[in-house]
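All remarks here apply to the structure that follows.
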Amino acid sequence: MTPPLHITPLKSWLPFESRPLVVSGPCSAESEKQLRETALALVKIPQVKVFRAGIWKPRTRPSAFEGVGSKGLKWMQKVKQDTGLLLTVEVASQRHVQEALEHDIDILWIGARTVVNPFSIQEIGEALQGCDIPLMIKNPLNPDVHTWTGAIERFNQLGIHKLVAVHRGFSFFNRSPYRNAPMWEIPIELMCSYPKMPMLCDPSHICGNRDLILPTSQKAMDLEMTGLMIETHYAPEEALTDKRQQITPEHLGKILKSLVIRQERGSTTFRNKLESLRTEIDKLDEELIDILARRMSVVEEIGQYKKENRITILQLKRWNKVIRDRVENGIRLGLNRDFILRLLEAIHDETIQKQMDVMNRRD
Ligand code: PEP
Ligand code: MN
């Protein structure tokens, strides 16, 4: 069971008209000019409400550019004066929190490398107590929903109620077109556990290259995520970090224009039709479970019969034939081969377990 969260509704502290709410700006603050040029172009895009920039950059190797540090916060303040955009930066320590607060940063975010460490979360959370600043929490590098929800719960218990989750994909070892695998099922699980928790998607870090940003953003919108965090740079080719995934503000404008934002609820006719289809699904699921229960009781009967006749549980030849027949039949009815196989395997595992129980039972 997940404990309830106390979340202050997003729109009460960050008004926006319609999805997506957009957080944008460069991966790293590099110069005053870069921040100003990028922000002046971004402020023309109505969906962009928050300007982001990394001040302290967590890098894999110490020789890489590690951010401009505190002087970047002064440039950020200037952006706020010039554009009115709200500001957000990543914080990973109490010192970062302190400096960010001293420089009028409006929202803080916790990066994927920090969120895995409960000591850091506790420390940052304690530094934030009593200041009512909103916090965005990225998913951890590893594909584990509990680490993510654990950090969210920890902050919440420390009294931080203006919270937003950010899906930025997960490290994994297989080859893929993505820099970080989206594994959509993980943010979906978080959204189901905490329906009041707003979820942004960060397609920049998921994709690692600018070409995939549009389809990934579209998918996030179709999953009813609230908004997007997208890295922009007035001259992406000159960026000191994450060059391949940064886009110009103009490119961001085009992406946002081509997104299709589907309604969450739809018209009355739509809802009625959906309701009737859902009723049909409920009925089918009920039948499905009833059939499975009936199948298992026949399985038990067979188990008992095998036991009385001293026959082994696993009859490989018979099982292979069952698989062949069922897969063939399923494919004929338009079902996916892998899906039938996975389903049969689950049924078979349970069948074997049931018959073992019968064998071990003292009659
Ligand atoms: C970033 O947003 O620039 C960043 C470092 O992100 P993440 O923590 O998701 O890697
Ligand atoms: Mn980045």
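Keep in mind the model is a prediction, meaning the values are calculated, not measured. This chain uses plain numbering: 1 for the first residue, then up along the sequence. Both ligands and their constituent atoms are indexed starting at 1 by order of listing.
Sorted by chain then number, the residues whose non-hydrogen atoms approach ligand 1 to under 4.0 Å are Cys27, Arg52, Lys57, Glu90, Trp109, Gly111, Ala112, Arg113, Lys138, Arg168, His205, Glu231.
Checked by atom type and distance alone, the side chain of Lys57 never pairs as donor or acceptor with a backbone atom of Phe65 at under 3.5 Å.
In this structure, CD1 on Ile340 lies 8.0 Å from CG on Asn329, to the nearest 0.5 angstrom. Rounding to the nearest 0.5 angstrom, the gap separating the CZ atom in Arg52 from the CG atom in Asp202 is 7.0 Å.
The distance cut-off of 2.8 Å around the Mn ion (ligand 2) captures these protein N, O or S atoms, sorted by chain and number: Cys27 SG, His205 NE2, Glu231 OE2, Asp242 OD2.
Side chains of Arg210 and Gln246: a donor-acceptor N/O pair is absent below 3.5 angstrom, by distance only.
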* Would you check, one step at a time, whether the test side-chain contact (heavy atoms from CB on, under 4.5 Å) holds for Val79 with Phe51? => CA-CA 8 Å; Val79 163; Phe51 182 75; 3.8 Å; yes
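Residues Met136 and Trp148 are members of separate hydrophobic clusters, defined by side-chain heavy-atom contacts under 4.5 angstrom among Ile, Leu, Val, Met, Phe, Trp and Tyr.
Between Glu99 and Arg95 there is a salt bridge, with a side-chain nitrogen of the basic residue lying less than 4.0 Å from a carboxylate oxygen of the acidic one. Ionic pairing of Lys321 and Asp325 is present here: one or more N-O contacts between side-chain nitrogen and carboxylate oxygen are shorter than 4.0 angstrom.
Ring geometry for Trp56 against His96 counts as parallel: the plane angle stays under 30°, on a 0 to 90° scale with 60° as the upper cut.
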